[in-house]
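Heads up, the thing below is written out as structure tokens.
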Amino acid sequence: QEEEENPKPAFDFKSYMLQKGNSVNQALDAAVSIRDPKKIHEAMRYSLLAGGKRVRPVLCIAACELVGGNESIAMPAACAVEMIHTMSLIHDDLPCMDNDDLRRGKPTNHKVFGEDVAVLAGDALLAFAFEHMAVSTVGIPPSRLVKAVGELAKSIGTEGLVAGQVVDINSEGLKDVGLAILGGGSDDEVEKLRTFARCIGLLFQVVDDILDVTKSSQELGKTAGKDLVADKVTYPKLLGLEKSRELADKLNREAQQQLSGFDQEKASPLIALANYIAYRQN
Amino acid sequence: KQQRSTQFDLKTYWTKLIAEIDQKLDQAIPIKYPEGIYEAMRYSVLAKGAKRAPPVMCVAACELFGGNRLAAFPTACALEMVHAASLIHDDLPCMDDDPSRRGQPSNHTIYGVDMAILAGDALFPLGYEHIVSHTPSDLVPETCILRVIAEIARAVGSTGMAAGQFLDIEGGPNSVEFVQEKKFGEMGECSAVCGGLLAGAEDDEVQKLRRYGRAVGVLYQVVDDLLDAKTQSEEDEEKTKKKGKSYVAVYGVDKAMEVAEELRTKAKKELDGFEKYGEKVVPLYSFVDYAADRGFSVGDSS
């Protein structure tokens, strides 16, 4: 509403992210309450509410709003996306995987709660994501919600996140915009958003790889230089730093082209998001 | 009732369903790139000798209310996927540290701990996706699909099977009932409830299925523990005591047998109201007797 009253030439991405991120944080806090057994729920909340940029859930909300939905319709799905993302981080950090001690500037989940609880807390977040989305989404036809649940499942299974970890490219793929189905997007619109998401997902990874070799642990809030030590295939290693930066620019342009057919005012959060991912420093 | 359930040929009913479910599971997890993860997933889901008790329970509960079994198969497969996923994670070195499962090396023994974690992580969502993409829309309304997904997620989640596994590891006095209910009752409960939901059962009928399925699930495990105790040497017994909680280990054989009889009675009592559905209720009775008596072997690869 406010934006309509004083249209500004530059979209204020920072306050948009802050405001939407706050809503997401509140919704997450309310969704996962402490129940018995307490320790699992504490472990779930420890990682889920550890801050983080909430890029994925905000993207989900923005995509839903772009095609005519609103924040309250998208919120359970947005929370589900963040729960699943958190699950993957908890499991990826385990000693048998990436063996990370630090995440978002805090000790990793298994360092605090033990490996067994970390595995279970991840599993529980994954399960709750689906329960929450199926039970708490209101205001849309069940057929649309079923489709969106299918999208979410696909985005994490072997075709999505898990496959990324297996082939060790870590292209987490911000596929969550498939959830624009929630907002009532047409097939064509959802396809465009899917391409957009694929581009910025890859962009996210390229920039992550670049930051890993150019920034310190303190600046990143996680262990820097890890990819080098772990002998991972990264873009700077494959292409060199200069070509990696060029690739990042190209992906950003390609992502933004997908948005050209939409209402530009409603697309501005997504445009700003792409730029944010491209130019972020941590 | 007793008589009818003996006359009913459960073994044939069950064996036929296992073959159908095995075939559908085989198709549901084709090997694609990256192959390693699919192989690990298939290894556990398609393990030989699996009894497919959750899928069979789900199909039988669906048919009880006149539902078409085609409506139940995708959910039946999903139950097997999420069940396999939680067993893979339960066996991990940081959990129960079990090198074998169903007489074969456990998933991480073959594929490594990292792959075993990922295989589980992939199987959970594959289950939900399979329900969404394969449930015939002309047979099951979307609202039912959403309730089924929520039910499965609840059963495997932080107040269900994950809670059971947590208490099994972390222990605490008097937790045996809780652990058994959660680790073994949830799957039975969830399977029966899903079948009812898919067939459009009334809420009070779903509640009865809930209690029935839970009792059968726990009963099966208590009897398993009793059978184990009979064949085990003292050395093994020590191991069992250390490793997990069972009624037999905690209360001894006599009390466990008492509990089993109570559960048999309880499970059958929940079926009382379903007599009006005629012969369709017979498989559900026979599951109770099978769980208690093990009159025959099913699903064994031998």
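Below, each value reflects all heavy atoms present in this structure, side chains not excepted, and no hydrogens, waters or symmetry copies. Per chain, numbering begins at 1; letters A, B, ... match sequence-line order. This is a predicted model, so every value here is computed, not measured.
Counting non-hydrogen atoms of other residues, nucleotides and ligands closer than 6.0 Å to NZ of A/Lys147 gives a total of 12 or fewer. Residue-environment remark: CG (B/Asp204) exceeds the threshold of 12 foreign heavy atoms within 6.0 Å. Within a 6.0 Å radius of CD in B/Glu35, other residues, nucleotides and ligands contribute more than 12 heavy atoms. The number of heavy atoms from other shown groups lying within 6.0 Å of CZ (B/Arg147) does not exceed 12. Other residues, nucleotides and ligands contribute over 12 non-hydrogen atoms within 6.0 Å of the NZ atom of B/Lys24.
There is no contact between B/Ser133 and chain A, counting heavy-atom distances below 4.5 Å. Looking at B/Ile131, neither its backbone nor its side chain comes within 4.5 Å of chain A, counting heavy atoms on both sides. Proximity to chain A (any heavy atom under 4.5 Å) is restricted, for B/Ile145, to the side chain, taken from C-beta onward. At a 4.5 Å heavy-atom cutoff, B/Glu151 makes no contact with chain A through either its backbone or its side chain. Both the backbone and the side chain of A/Val146 come within less than 4.5 Å of a heavy atom in chain B. For chain B, no part of A/Leu125 is nearby; none of its heavy atoms comes within less than 4.5 Å.
What you find for B/Cys94 and A/Val119 is that their closest heavy atoms are SG-CG2, 4.0 Å. Across every non-hydrogen atom of A/Ala124 and B/Ser158, the tightest pair is CB-CB, 3.6 Å. When all heavy atoms are compared, the tightest approach of B/Val156 to A/Ala127 is CG2-CB, 3.7 Å. When every heavy atom of A/Glu131 is checked against every heavy atom of B/Ala150, the shortest pair comes out as CG-O, 3.9 Å. Closest approach of A/Ala153 and B/Pro125 over heavy atoms only: CB-O, 3.5 Å. Contact record, B/Ile149 with A/Ala134: CG2-CB, 4.5 Å, taken as the closest heavy-atom pair.
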CA sep, side-chain torsions, deciding dist, call: B/Val132, A/Glu151, side chain to side chain contact (heavy atoms under 4.5 Å, CB included)
CA-CA 9 Å; B/Val132 170; A/Glu151 279 289 328; over 6 Å; no

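A distance of 13.0 Å separates NE2 in A/His91 from CG in B/Asp114, rounded to the nearest 0.5 Å. Rounding to the nearest 0.5 angstrom, the gap separating the CE atom in A/Met97 from the CG atom in B/Leu118 is 3.5 Å. To the nearest 0.5 Å, atom CD of residue A/Glu115 and atom CD1 of residue B/Ile117 are 8.0 Å apart. Taking CD1 of A/Ile84 as the reference point, atom CZ of B/Phe124 lies at 12.5 Å (rounded to 0.5 Å).
Within the 4.5 Å cutoff, no side-chain heavy atoms of B/Glu142 are placed close to those of A/Leu145. Annotation: side chain of A/Asp116 is in contact with side chain of B/Glu170 (closest heavy-atom distance under 4.5 Å). With contacts defined as side-chain heavy-atom distances shorter than 4.5 Å, the pair A/Leu120/B/Met95 qualifies. Side-chain contact between A/Ser88 and B/Asp121: absent, with no pair of heavy atoms (C-beta onward) separated by less than 4.5 Å.
Among A/Leu94, A/Asp123, A/Val135, the residue with the largest count of heavy-atom pairs under 4.5 Å with chain B is A/Asp123.
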